[in-house]
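Only one structure is covered here, and it is reproduced in the block below.
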Protein chains: 2
Amino acid sequence: MRLVIARCSVDYAGRLSAHLPSATRLLLIKADGSVSVHADDRAYKPLNWMSPPCALKEGEDGIWTVTNKGGEQLIITVEEILHDSSHELGVDPGLIKDGVEAHLQELLADRIEVLGEGWSLVRREYPTAIGPVDILCRDAGGGTVAVEIKRRGEIDGVEQLTRYLDLLNRDPLLAPVRGIFAAQEIKPQARVLATDRGIDCVTLDYDALRGIEDQKLRLF
Amino acid sequence: MRLVIARCSVDYAGRLSAHLPSATRLLLIKADGSVSVHADDRAYKPLNWMSPPCALKEGEDGIWTVTNKGGEQLIITVEEILHDSSHELGVDPGLIKDGVEAHLQELLADRIEVLGEGWSLVRREYPTAIGPVDILCRDAGGGTVAVEIKRRGEIDGVEQLTRYLDLLNRDPLLAPVRGIFAAQEIKPQARVLATDRGIDCVTLDYDALRGIEDQKLRLF
DNA sequence: GCGTACATATCGAGC
DNA sequence: GCTCGATGTGTACGC
């Protein structure tokens, strides 16, 4: 990893055109071939960048040219270098995550009764021609229910569930299938659209589900 | 901006939980208060971060604690510092972009005739209950047309236009409303879906539209 | 390699 | 402050 602090101007020509007037910035060159140009704000997002794989050519006139396979170009005109250091970092062991959609799915599948008394799981990741349905289950009356789980429930998720329901309802062995849109948080517009389509919305509490799960584990 | 190269392990407890085993990484501390932890790959995205506003407290035992208002925490256990430098960057003049959706919409609205002779603009950002339609216009026969504009035309955009059409066609003053999906580039799958739904696809040439606009400006 | 789905997305505009 | 849509979204995983 190479860190350069330099006064520079930058031009990007690729999926759009963009220009950065001259100023002092951080140029971050990673071992994976990526180059990014950071100001002292905007959280972690660089002002401009080129994703790997790409090639950096440092001209003798201070003009750095970064090119990728698609012909996109990042041209950095370096006027003055204030710092330049390189560091050997090695391969990173990587991030271990907990609390994402997959966990919500596991927890809800294991405690499907939170959706209603007498409900039972058919299976997780129920396969269809257009992809797996997160959870397929049966309500107390034996009716089929498809559940789409999201961490944050937005319109896209409702569309996704709608596509699954259209398909599942073509199967005479399953139909009629109704839908439940379950998320830790559901946006108003998504709720409106779901309701308009006869889809029920359920808000999940990750900590509560985990708590229930812990209780279950203590019981057995 | 402060740059630290350090052997460290990291724990994040917030919207999810995450852990990074000990390794050598870049710690990037920006003037806006953000902290990010970078490995030597993954392009510009850090392994872990805290967005501003947040506060960094450097303990004497090498334990750095970053906290934000929401109570999320990033705990960095620094085992060895290999580099530590600070740099004054000043305020960045910022990025100038060109060629995004807003420009396409302006250009097309101003030159609605490219969609067909005798067409006229009703208005840009025509409001509906589920959000504004990019362009509403009338064709030569006085029929209403809703136009959805995207830089890159994908399935999501077709779904979005479909929702608008469903809603607009419930309005007896407007119905029947047909749809046009306009983009610089339309993915094959999006084109198939649009066609299946009776939506016309139009490919926009940004440079050509800008050229037409320039001609218009020269004429008046 | 393309397409799909997820993400601590980030960011800016409008309300 | 919140919501919503755009993003050069990035990234992993499937086929």
Side-chain angles (χ1 to χ4, degrees), chain A residues 12-18 32 34 36 41-52 54 68-74 94-95 97-105 125 127 130-132 134 148-157 159-161 163-164 183-192, chain B residues 10 12-18 32 34-37 41-52 54 66 68-70 72-74 94-95 97-105 125 127 130-134 148-152 154-157 160 183-185 187-190:
Chain A
Y12 166 74
R15 280 166 279 183
L16 53 67
S17 301
D32 67 357
S34 63
S36 47
D41 60 0
R42 272 157 202 267
Y44 71 71
K45 197 175 189 193
L47 290 161
N48 229 324
W49 69 95
M50 188 73 81
S51 297
C54 61
N68 74 357
K69 215 183 286 184
E72 297 175 51
Q73 274 199 326
L74 194 66
L95 190 67
K97 287 186 185 186
D98 179 34
V100 289
E101 182 190 316
H103 294 126
L104 278 175
Q105 191 192 114
E125 302 284 349
I130 54 167
D134 286 342
E148 175 65 35
I149 298 169
K150 287 274 179 274
R151 203 174 50 77
R152 286 166 50 191
E154 301 186 24
I155 278 185
D156 279 3
E159 295 285 12
Q160 194 181 339
L161 178 54
R163 288 196 295 273
Y164 290 138
Q184 283 186 280
E185 177 201 351
I186 297 177
K187 292 290 171 77
Q189 288 212 342
R191 194 179 288 272
V192 168
Chain B
V10 183
Y12 167 74
R15 278 165 278 185
L16 53 66
S17 303
D32 67 358
S34 64
V35 178
S36 46
V37 182
D41 61 0
R42 273 157 206 262
Y44 70 70
K45 197 175 188 193
L47 290 161
N48 227 322
W49 70 93
M50 188 73 82
S51 297
C54 61
V66 189
N68 74 359
K69 212 182 289 186
E72 297 175 51
Q73 275 199 324
L74 192 68
L95 189 67
K97 285 188 185 184
D98 181 32
V100 290
E101 183 190 313
H103 295 132
L104 282 174
Q105 193 192 113
E125 303 285 349
I130 53 169
V133 179
D134 286 342
E148 176 65 35
I149 299 170
K150 287 274 180 271
R151 205 173 47 73
R152 287 165 49 190
E154 302 186 22
I155 278 184
D156 277 4
Q160 194 180 340
Q184 283 186 281
E185 177 201 350
K187 290 286 171 76
Q189 290 213 342

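Protein chains get the first letters and strands the later ones, always in sequence-line order, with residue 1 at the start of each.
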Residues in salt bridge (charged side-chain N to carboxylate O under 4.0 Å, His left out) contact with [X], at least two apart in sequence or another chain:
{"X": "B/Asp98", "result": "B/Arg210"}
{"X": "B/Glu72", "result": "B/Arg15"}
{"X": "B/Lys187", "result": "B/Glu154"}

Nearest to side-chain heavy atoms of [X], which nucleotide of [options]:
{"X": "B/Arg15", "options": "C/dG3, C/dT10, C/dA7", "result": "C/dT10"}
{"X": "A/Gln189", "options": "C/dT4, C/dC6, D/dC4", "result": "D/dC4"}
{"X": "A/Asn48", "options": "D/dA6, D/dG8, D/dC4", "result": "D/dG8"}
{"X": "A/Pro188", "options": "D/dC4, D/dA6, D/dG8", "result": "D/dC4"}
{"X": "B/Ile155", "options": "C/dC6, D/dG8, C/dT4", "result": "C/dT4"}

Atom-to-atom span, [atom1] of [X] to [atom2] of [N] - whole angstrom:
{"X": "A/Trp49", "N": "C/dC11", "atom1": "CH2", "atom2": "C1'", "answer": "11 Å"}
{"X": "A/Leu161", "N": "C/dT4", "atom1": "CG", "atom2": "P", "answer": "18 Å"}
{"X": "A/Leu47", "N": "C/dG12", "atom1": "CG", "atom2": "P", "answer": "10 Å"}
{"X": "B/Asp32", "N": "C/dC11", "atom1": "CG", "atom2": "P", "answer": "8 Å"}
{"X": "A/Lys97", "N": "C/dA7", "atom1": "NZ", "atom2": "P", "answer": "7 Å"}
{"X": "B/Gln105", "N": "C/dG14", "atom1": "CD", "atom2": "P", "answer": "11 Å"}
{"X": "A/Glu154", "N": "D/dG5", "atom1": "CD", "atom2": "P", "answer": "9 Å"}
{"X": "B/Leu95", "N": "C/dT10", "atom1": "CG", "atom2": "C1'", "answer": "14 Å"}

*Could you state the interatomic distance from OG (B/Ser34) to CG (B/Asn68), rounded to the nearest 0.5 Å?*
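Taking OG in B/Ser34 and CG in B/Asn68, the distance rounds to 12.0 Å.
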Report all interatomic pairs (protein N or O, nucleotide N or O of nucleotides 11-15 of chain D) with separations under 3.5 Å.
residue	atom	partner	partner atom	Å
D/dT11	OP1	B/Arg42	O	2.5

*How close do A/Ala18 and A/Asn48 get, heavy atom to heavy atom, and via which atoms?*
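Nearest pair, atom of A/Ala18 first, then A/Asn48: CB-ND2, 4.3 Å.
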*Within the structure shown, what part of the strands sits under 4.0 Å from A/Gln160 by heavy-atom distance: base, sugar-phosphate, or nothing?*
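The residue A/Gln160 makes sugar-phosphate contact but no base contact.
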*Check every strand shown and say whether B/Met50 touches a base, only sugar-phosphate, or nothing at a heavy-atom separation below 4.0 Å.*
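The residue B/Met50 makes no contact with any strand.
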*Any side-chain heavy-atom pair from A/Asp134 and A/Glu101 closer than 4.5 angstrom?*
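Yes, side chains in contact.
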*Heavy-atom distance under 4.5 Å between the side chains of B/Lys97 and B/His103, does that happen here?*
no
*In dot-bracket, 5' to 3', how would DNA chain D read with Watson-Crick or G-U wobble pairs under 3.5 Å, [ ] for crossing ones and | for pairs to another strand?*
|||||||.|||||||
*Hey, what's the ring geometry for A/Trp49 with B/Tyr44, parallel, tilted or perpendicular (30° and 60° as the breaks)?*
perpendicular
*Who pairs with A/Tyr164 by ring pair (Phe, Tyr, Trp, His ring centres under 6.0 Å), at least two apart in sequence or on another chain?*
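Here no residue qualifies.
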*asked:* Looking at C/dA5, I'd like to know if its phosphate oxygens (OP1 or OP2) sit under 4.0 Å from a side-chain N or O belonging to A/Arg163.
replied: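 True: A/Arg163 side-chain N/O within range (under 4.0 Å) of C/dA5 OP1/OP2.
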_Would the distance check show the side chain of B/Asp32 and the main-chain N or O of B/Pro52 forming a donor-acceptor pair, the cut-off being under 3.5 Å?_
no
*When the C1' atoms of D/dT7 and C/dA7 are considered, how many whole Å apart are they?*
14 Å
